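To keep things clear, I will list the structure first and then write my remarks on it.
Fair warning: this is a prediction, and the values are worked out from it, not measured in the lab.
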Amino acid sequence: MRPLRPLLLATALLLATAASCDSTPETKVDGPFRDSKRPVAERVADLLARMSLDEKIGQMTQAERGSISPEEVTEFRVGSILSGGGSVPTPNNRGGWVAMVDAYQKAALATPLGIPFIYGSDAVHGHNNVTGATIFPHNIGLGATRDPQLAEAIGAATATEVAETGVHWTFAPCVCVARDDRWGRTYESFSEDPAIVASMSSVIKGLQSQQVMATAKHYLGDGGTTGGKDQGNTELSIEELRRLHLPPYEAAIKHNVASVMVSFSSWNGTKVHGSEFLITKLLKEELKFGGFVVSDWNGVDQIDGAPGLSASDVRTAINAGVDMVMAPAVWREFIQVLKAEVEAGRVPMSRIDDANRRILAKKFEFGLFERTKTNRNTAAFGSAPHRALARQAVAKSQVLLKNSGVLPLKAGTGRIFVAGKNADNVGNQSGGWTLTWQGSPGEVPGGTSILKGIREVAGSGATITYAQDGSGLDKSYDVAVVVIGEKPYAEFEGDRMEGTGLDGEDKAVLEKVRALGVPTVVVVVSGRPLEIGSHLDGWNAALAAWLPGTEGAGVADVLFGRQVPSGKLPMTWPADGGHPANAGDGKAALFPLGFGLTY
Ligand code: GLC
């Protein structure tokens with residue numbers, strides 16, 4: 001977990017100072033930039049001409065909510081604030097978020113130019129930081145649907161929930177192309193195939209249709225590092241880098257994505273955060289990306305290889321083409337260092353102005369100068385229609401790997417035994433980036449576990465017995481449904497360089513069931529293909545459920561045939577010990593990319 005100041009203190013500060021931001025500025029500057037009928041380029045030019053260097057650097061600065069008060073937003077002209085994963089107001093509900101964001105906005109507007117700030121949060125599978133939000137399947141499951149229209153609808157629904165909390169910008173979608181499943185962020189990838197990822201970038205259209213800025217991330221090659229090491233080194237020729245990792249960004253730019261986030265990783269030994277070729281020459285000039293480039297969390301600090309933010313880090317990143325720096329707790333140092341670099345002539349004013357034009361253009365395009373307070377009159381947050389959409393997405397994401405005929409189960413009759421650590425655990429089925437950065441086992445308010453879904457779909461005529469460890473199972477049962485897989489993780493915490501084998505708890509429950517000879521349906525709840533090759537023969541059926549989120553009943557819909565399985569593998573499923581495995585690499589896989597059975 002990232003070290004953040006005690007959130008309670010920060011929140012108390014926030015609420016205490018919010019009241020003191022009622023003061024209106026001495027003079028509210030007026031001018032053409034305020035006229036929403038004028039072309040954006042005109043408004044940008046007029047506003048830019050009125051801005052001081054301090055105000056321009058403020059627009060390029062992003063602080064974390066736990067490290068900045070509204071008063072500091074006003075004083076330092078800070079243009080953006082984010083919530084890191086799990087960094088939330090108290091109460092962590094819609095009202096708490098609206099109060100927080102509106103208080104910061106009031107402070108941002110309490111300056112002569114009154115430039116609105118933008119609040120960013122990782123809504124990567126629904127508005128996952130906020131209690132009660134609809135949590136959709138993670139990208140790997142959506143990739144299995146091969147349904148760009150569904151992705152677009154999920155984007156729109158997610159953005160509605162994001163906007164209802166006052167947030168303007170989500171750091172999503174990840175358009176990474178995961179090439180080694182040992183990578184801890186594989187579940188954030190729609191596929192190993194860049195064309196599939198490019199097609200699913202339609203989620204951007206959905207997000208931005210609701211006036212929420214989207215972010216294509218992490219540019220470039222985050223999913224291609226050697227060995228799947230998070231923030232590692234992508235060792236590829238420029239031709240291979242373009243072939244495997246660039247198509248999703250070309251698609252995102254076609255969707256007019258507002259921002260691109262830079263990857264922590266390196267390309268052939270050079271940190272992408274410092275690569276003028278990748279950020280300016282390739283992304284901005286060749287691909288004609290017109291939005292703004294934001295760094296990742298303290299990603300700028302890593303450029304020179306020494307800990308902390310140095311002048312070299314800052315000038316290298318800004319001169320490479322980074323427009324806004326995510327400097328969660330070091331935003332003051334960033335402002336001081338960048339100002340000194342500009343005054344020393346080591347960062348040209350033309351670069352500062354280009355960054356500001358890009359940022360301000362998006363603030364104008366997304367109506368932030370006109371929409372300065374959150375609309376509190378809608379009620380889509382965690383709503384039944386959104387949960388129904390999520391349940392449909394869960395069902396469509398299921399990939400049937402094996403079926404001896406035991407599936408579909410018959411509703412309303414029979415004796416079904418349910419076991420496994422992921423059968424009745426919405427936290428596990430939601431995965432990382434759920435209420436906290438890493439996610440965690442246990443309850444997710446408003447969620448439906450797979451077991452609860454089975455009980456609902458099986459109906460009263462069936463007997464459903466559950467024991468996580470399988471105790472109590474005997475030959476009187478018609479079938480055992482064993483739900484295994486992974487516990488939540490995010491980023492480097494999820495790297496599994498040793499491979500993706502089953503854990504001891506799963507092996508134990510599978511052995512118990514196998515010994516009894518009851519027909520067995522195994523459901524794998526995981527962020528990536530797991531090494532199941534040596535177990536598969538003992539299973540009558542196997543279903544890849546990925547990380548379904550709060551609507552676990554979608555899994556039951558497929559188990560009982562309410563929805564016929566239609567999912568196709570978004571990743572090659574490696575043979576045991578066979579990482580990495582990708583289509584066309586000539587390696588023997590357990591199941592190929594695109595595999596999926598039906599009834
Ligand atoms: C993290 C992630 C990035 C996320 C950002 C803000 O380190 O790499 O995906 O958007 O920080 O939470």
Side-chain angles (χ1 to χ4, degrees), residues 391 394-395 397-429 441-443 447-486 502-526 530 532 535-546 548 550-567 597-599:
R391 181 170 176 168
V394 171
S397 67
Q398 303 302 297
V399 180
L400 184 61
L401 299 173
K402 178 180 182 181
N403 184 23
S404 63
V406 68
L407 291 179
L409 303 176
K410 199 165 165 31
T413 175
R415 291 168 50 76
I416 300 171
F417 198 100
V418 181
K421 68 170 183 283
N422 287 349
D424 195 29
N425 195 314
V426 182
N428 284 1
Q429 75 190 42
E443 288 304 309
T448 300
S449 70
I450 293 169
L451 171 67
K452 192 174 170 195
I454 288 172
R455 292 190 190 284
E456 174 206 317
V457 177
S460 54
T463 301
I464 310 290
T465 305
Y466 167 65
Q468 182 171 325
D469 65 359
S471 54
L473 174 64
D474 60 35
K475 293 181 185 301
S476 71
Y477 285 92
D478 302 305
V479 65
V481 178
V482 188
V483 188
I484 61 170
E486 294 184 301
L502 301 184
D503 67 20
E505 182 176 356
D506 288 347
K507 288 178 185 168
V509 68
L510 287 166
E511 180 48 34
K512 189 176 283 185
V513 172
R514 193 195 60 72
L516 280 162
V518 175
T520 305
V521 174
V522 174
V523 179
V524 184
V525 172
S526 63
L530 300 184
I532 59 173
H535 304 273
L536 203 52
D537 287 349
W539 302 348
N540 297 80
L543 187 70
W546 314 112
T550 49
E551 308 314 310
V555 178
D557 289 336
V558 169
L559 290 173
F560 286 89
R562 274 194 186 175
Q563 294 282 344
V564 173
S566 57
L597 303 173
T598 187
Y599 295 149

Distance-minimising heavy-atom pair for [X] and [Y]:
X    : Y    : answer
A419 : V509 : CB-CG2, 3.9 Å
T448 : G453 : CG2-N, 4.0 Å
A480 : V513 : CB-CG1, 3.8 Å
A545 : V525 : CB-CG2, 4.2 Å
N540 : K402 : O-CG, 4.1 Å
V406 : A541 : CG1-CB, 3.6 Å

Only residue of D424, N422, T550 satisfying side chain to side chain donor-acceptor pair (under 3.5 Å) with S449 is D424

ask   = With K421, which of N428, D503, D469 fulfils side chain to side chain donor-acceptor pair (under 3.5 Å)?
value =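 Among the candidates, only D503 passes.
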
Could you tell me whether a side-chain N or O of [X] sits under 3.5 Å from a main-chain N or O of [Y], the two making a donor and an acceptor?
X    : Y    : answer
Y599 : V558 : yes
T598 : P565 : yes
Q398 : A556 : no
Q429 : I450 : yes

Open item on the list: Within the structure provided, determine whether V399 and W546 are in side-chain contact (heavy-atom separation under 4.5 Å).
Closed with: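 They are in contact (side-chain heavy atoms under 4.5 Å apart), so the answer is yes.
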
Q. Does a side-chain heavy-atom distance below 4.5 Å link L409 with V481?
A. yes

To the closest 0.5 Å, what do you measure between [atom1] ([X]) and [atom2] ([Y])?
X    : Y    : atom1 : atom2 : result
I454 : L559 : CD1   : CG    : 5.5 Å
T465 : L451 : OG1   : CG    : 10.0 Å
L516 : K475 : CG    : NZ    : 5.5 Å
F560 : I416 : CZ    : CD1   : 3.5 Å
N425 : Q468 : CG    : CD    : 7.5 Å
R514 : T520 : CZ    : OG1   : 9.5 Å

task: Evaluate side-chain contact (heavy atoms from CB on, under 4.5 Å) for I484 paired with L530, printing each intermediate quantity in order.
output: CA-CA 10 Å; I484 61 170; L530 300 184; 5.9 Å; no

| So, R415 and S476: side-chain donor and acceptor under 3.5 Å apart, yes or no? | yes

Check: NZ of K512: more than 12 outside heavy atoms within 6.0 angstrom?
Finding: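 Above 12, so yes.
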
Can you establish whether the number of heavy atoms outside E511 located under 6.0 Å from its atom CD is more than 12?
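Check passes, neighbour count above 12.
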
side-chain hydrogen bond (donor to acceptor under 3.5 Å, both in side chains) contacts touching residues 551-561 (sequence neighbours left out):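 Checked against side-chain hydrogen bond (donor to acceptor under 3.5 Å, both in side chains) - neighbours excluded - the pairs reaching residues 551-561 are R387-E551, R391-D557.
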
Practice problem: Test I532 against W539 for side-chain contact (heavy atoms from CB on, under 4.5 Å), laying out the working first. | Solution: CA-CA 10 Å; I532 59 173; W539 302 348; 3.8 Å; yes

Before you tell me yes or no, could you show the steps for V521 and L543 under side-chain contact (heavy atoms from CB on, under 4.5 Å), namely the whole-Å CA-CA distance, both residues' side-chain angles and the distance that decides it to 0.1 Å? CA-CA 8 Å; V521 174; L543 187 70; 5.6 Å; no

Evaluate the criterion salt bridge (Lys or Arg N to Asp or Glu O under 4.0 Å) for residue pair D478 and K410; output intermediate values, then yes/no. CA-CA 11 Å; D478 302 305; K410 199 165 165 31; over 6 Å; no

